[in-house]
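Below: one structure, written as C-alpha cells.
Read the numbers this way: they start at 1 and go in the same order the structure lists the ligands and their atoms.
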Amino acid sequence: MTKTNPIVHGLMMDVPLTIPSLLTFAARYHSETEIVSCTSDLGRFRYNYAKAQRRAGRLSNALRRLGIKRGDRVGTFAFNDHRHFELYFAIPALGAIVHTINPRIGAEALSYIVKHADDKLIFVDPSLLATLHGAIPDFPLERLVILTGDRTLAGQYPGILIYEDLLLNESEDFALVDIEEREASGLCYTSGTTGMPKGALYSHRSTVLVAMAACAAGAMAISGAETVLPVVPMFHVNAWGVVHASAMAGAKLVLPGANLSASALTPLMDDEAVTISVGVPTVWRDLLIHLDETGRKPRVLSRLVMGGSNPPSEMIDGFELRHGISILHGWGMTEIGGTGSIGTAHHGSSQLADADKRKLKLKQGHALWGSDLRLIDDAGKEVPADNTSSGHLMIRGPWVVGGYFGNDDNSSFENGWFRTGDVARIDADGFLEITDRAKDVIKSGGEWISSLAIEAVAREHPAVADAAVIGIPDPKWQERPLLIVVPRERHTVVQDELLDFVGARLPKWWRPEGVVFSDTLPRNANGKVLKTALRDQYVI
Ligand code: ADP
C-alpha cells in the first residue's frame, strides 16, 4: 500500500535546488563582490558577480545557438579562471551537463572519456589546446572553443571558435530552461588508476547540497565575509564544491589560473586578502617551504583546507604552529560530489589535551550531515566504530553516486551504500582514519597492515622527504611491507636506522622488511602516489 500524506495543502513551496539559482542569487545580493581571475590573455582580471551573471547569460545563449540541448555533455579542459566559472553556470542553465576533464590524465584516457561522454563541444584553455587536439585529432575543430579573446591560435586551427567572439552579440538574459533539481548537471571521471575512468554524474540538487554543506560552520564555514581561493582544480570534483559555495555565500572568489607555484600563490593571497584556500597536500607542501624560507605568511590567510591524500603531521604542525594558519583536513572522492568528512571540532574537542588535538588533525575528520559512513568486513558484516577495528568504508547520502554514468558495473553499490574502496577506522565520535586503499592494504599473517600509517611515521624522520609503502610477497606471511623513501636533500640516512625509527613507533609486526631509496615517487593525474607502478617496479 502506498503511504499518502494526509496534509495535501499548505506544504512548503517546491522550489527546485538548481545551480543557476546560485549565481542569480549572488548577482542580486552580492552584485559588487569581486571575482578575480588569472588568465593568459588578460593577466589578473577582475569583475563582480553581477557582471559574471551577465556574461554567463550571454554564454548560455551562445551555447543554445550552437545547438546545445538539455542532457548534452559539454567538455571543459581548463584551469580555474573566470571563463571556467561562467561555464559552470551557463551549461547547467540549459539543462546540459558540464563535463570537466582533467588535463593531466594522458592521451589514451582523454580520448576514451571524450568518446564515452559524447561531448558535443569542448572549451579548452589555449595552453592545453595542443594536448587536447593531439589526443583527439578527429574531434571537429568547429566544436572546440578556445578560452580566450586572443585570435592568434585561430590561424593554426581553421574553424576553431574563440570564446570572446561567441559572447559578442548575445543577449545577457540567461537562456534558462525549467530545470528539475534531480536532473544531471555535471560529469567528472575518476582518474582510473585501475581500469578505464568511470563517470560520476552529479545533479543540480547534489551540487547545491554540497555547496550548502561547504558553507556550514561545521565544515568550511564559507560566508560572504570570506575571500576564497580554490587551488584544487575546477576539473577535480567541482573544486570540492567551493566555487558553487562561494556564489551561494557571496564570498569574494579568487581563481588562480594555471600557475599554482608557491611564488605565484603567495602574492595573490596577499594582494587579494585571501582568508581561506583549498587544495591537496602536494601543493601545500611547496607553500609551507616557501613560507618557512621567506618567514612570512600571507597577511589575512587564516585557514587551509587539505584533502585528496593524507598530509604529514609535520606539514599540519608547520602551518599551525609556525605560521598560525589553521588546517582543516577532509576526505572525499570523485564519486562523492564534494566533502565526505571534515576535521572541524566536536562538542568535546575543546577538552582534549593539546597533543590529542594535534593527533586528531591527522584523521580525515568526521561525517557531515549528508554523508553517512560505516565499515564492513570482507564478509559484509558491520565493523564497530571503536577506533581499532578496520573495515571497508561505505558511504551513502544525497551527494554520493548511485551508479556510474553509462556503465553497468554495479559491483561498488550494495544495499543503498557505495563501497569507497578505502579501508578505514572510525572512533566513537565518528572521526575517520583512512588506513589504505583496499587494493593497497598489506595482508600479513591474516591481518591488515596500514601502508598509510607506516608512510606517515617514516615522513616524521628528518631525512625523509617522501615515503610510500607497498606489500611484497612473502612465503610465510603472504605479504610484508617494503618502504620506499625519497631522501631529503643534503640528508643521509641508512636503512637500519630508518627501520628502527619506524619500527619503534608502530606495532612490532608492522616493521618493514626493507627500505629502497628513490629520487621521486610516481604520481597519477591528481598527485596521488601510483602504487601499481611501484609494485611493477619492486615486486619481482
Ligand atoms: P580518483 O579519481 O583517483 O579516485 P579522487 O580524488 O576521487 O581521485 O580520490 C579519492 C581517494 O583519495 C579516496 O578514496 C582516498 O583513498 C584518497 N583520499 C582523499 N582524501 C584523503 C585524505 N584526506 N587522506 C587520505 N586519503 C585521501
Side-chain angles (χ1 to χ4, degrees), residues 100-106 109 113 186-200 202 210 232-241 278-285 304-313 315-316 327-344 360-368 371 373 375 390 392-395 399-401 404-405 412 418-426 431-441 450-456 459 467-469 522-533:
T100 51
I101 310 171
N102 185 335
R104 296 191 284 262
I105 55 171
I113 66 169
L187 178 62
C188 186
Y189 282 75
T190 62
S191 53
T193 32
T194 49
M196 272 306 177
K198 287 182 274 189
Y202 310 137
V210 161
V232 55
M234 289 167 72
F235 56 74
H236 191 202
V237 203
N238 280 342
W240 303 342
V278 180
V280 294
T282 344
V283 172
W284 296 146
R285 181 177 174 270
L304 285 181
V305 180
M306 51 177 80
S309 58
N310 55 325
S313 61
M315 185 190 290
I316 299 181
I327 299 300
L328 257 182
H329 179 191
W331 163 85
M333 59 197 306
T334 307
E335 290 91 334
I336 304 166
T339 312
S341 67
I342 195 148
T344 48
L360 204 54
K361 290 264 171 184
L362 286 172
K363 295 197 178 185
Q364 279 74 15
H366 51 81
L368 306 165
S371 69
L373 304 176
L375 302 174
S390 28
H392 298 283
L393 180 63
M394 312 290 286
I395 185 168
W399 55 82
V400 178
V401 283
Y404 286 109
F405 171 71
S412 302
F418 169 66
R419 182 185 278 261
T420 62
D422 283 335
V423 175
R425 286 193 277 261
I426 300 180
F431 278 84
L432 174 74
E433 187 189 351
I434 304 284
T435 55
D436 253 311
R437 293 294 289 168
K439 54 186 190 293
D440 298 331
V441 82
S450 160
S451 63
L452 294 195
I454 305 179
E455 288 160 11
R459 288 202 206 109
V469 172
R523 289 183 186 276
N524 77 1
N526 294 332
K528 292 193 191 27
V529 173
L530 273 173
K531 300 236 170 141
T532 37

Handout entry: Steps toward side-chain contact (heavy atoms from CB on, under 4.5 Å) verdict (Arg459, Met315)
Key = CA-CA 10 Å; Arg459 288 202 206 109; Met315 185 190 290; over 6 Å; no

Practice task
May I ask which of Ala200, Ser309, Gly332 has a heavy atom nearer to atom 22 (C) of ligand 1 than the others do?
Solution key: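 Heavy atom nearest to atom 22 (C) of ligand 1 belongs to Ser309.
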
Exercise for the section: State, without any angle test, whether Lys531 and Ser451 hold a side-chain donor-acceptor pair at a distance under 3.5 Å. Expected result: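 Side chains of Lys531 and Ser451: pair found under 3.5 Å.
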
Practice task
Consider only side-chain N and O atoms of Asp422 and Trp331, and report whether a donor and an acceptor are under 3.5 Å apart.
Solution key: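 The criterion, which ignores hydrogens and geometry beyond distance, is satisfied for Trp331 and Asp422.
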
I'd like to check whether [X] has a polar contact with ligand 1, where a contact means an N/O of the residue lying under 3.5 Å from an N/O of the ligand.
{"X": "Tyr189", "answer": "no"}
{"X": "Gly308", "answer": "yes"}
{"X": "Glu335", "answer": "no"}
{"X": "His329", "answer": "yes"}
{"X": "Leu452", "answer": "no"}

Problem - Test ring pair (Phe, Tyr, Trp, His ring centres under 6.0 Å) applied to His366 - qualifying residues, sequence neighbours left out - result: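 Partners of His366 under the ring pair (Phe, Tyr, Trp, His ring centres under 6.0 Å) test: His346, Phe431.
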
Per-atom contacts, ligand 1 versus [X] - under 4.0 Å to a heavy atom:
{"X": "Ser191", "value": "1 (P), 2 (O), 3 (O)"}
{"X": "Thr334", "value": "2 (O), 5 (P), 7 (O), 8 (O)"}
{"X": "Thr190", "value": "2 (O)"}
{"X": "Gln364", "value": "22 (C), 23 (N), 24 (N), 25 (C)"}

Problem - Under-4.0 Å heavy-atom contact with ligand 1, by part of His236 that carries it - result: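 Contact part for His236 vs ligand 1: side chain (C-beta onward).
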
Handout entry: Derivation and outcome, side-chain contact (heavy atoms from CB on, under 4.5 Å), residues Thr339 and Val305
Key = CA-CA 11 Å; Thr339 312; Val305 180; over 6 Å; no

Handout entry: N/O donor-acceptor pair under 3.5 Å between Lys361 side chain and Ile327 backbone
Key =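 Yes; judged by distance alone, with no hydrogens or angles, the pair exists.
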
Handout entry: Check: Gln364 side chain, Gly330 main-chain N or O, donor-acceptor pair, under 3.5 Å
Key =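 Not confirmed, Gln364 side chain does not pair with Gly330 backbone.
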
Handout entry: Test log, rule side-chain contact (heavy atoms from CB on, under 4.5 Å), inputs Val210 and Asn238
Key = CA-CA 10 Å; Val210 161; Asn238 280 342; over 6 Å; no

Exercise for the section: For Gly330 and ligand 1, answer yes if some heavy atom of the residue is under 4.0 Å from a ligand atom, otherwise no. Expected result: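 Gly330: in contact with ligand 1 (<4.0 Å).
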
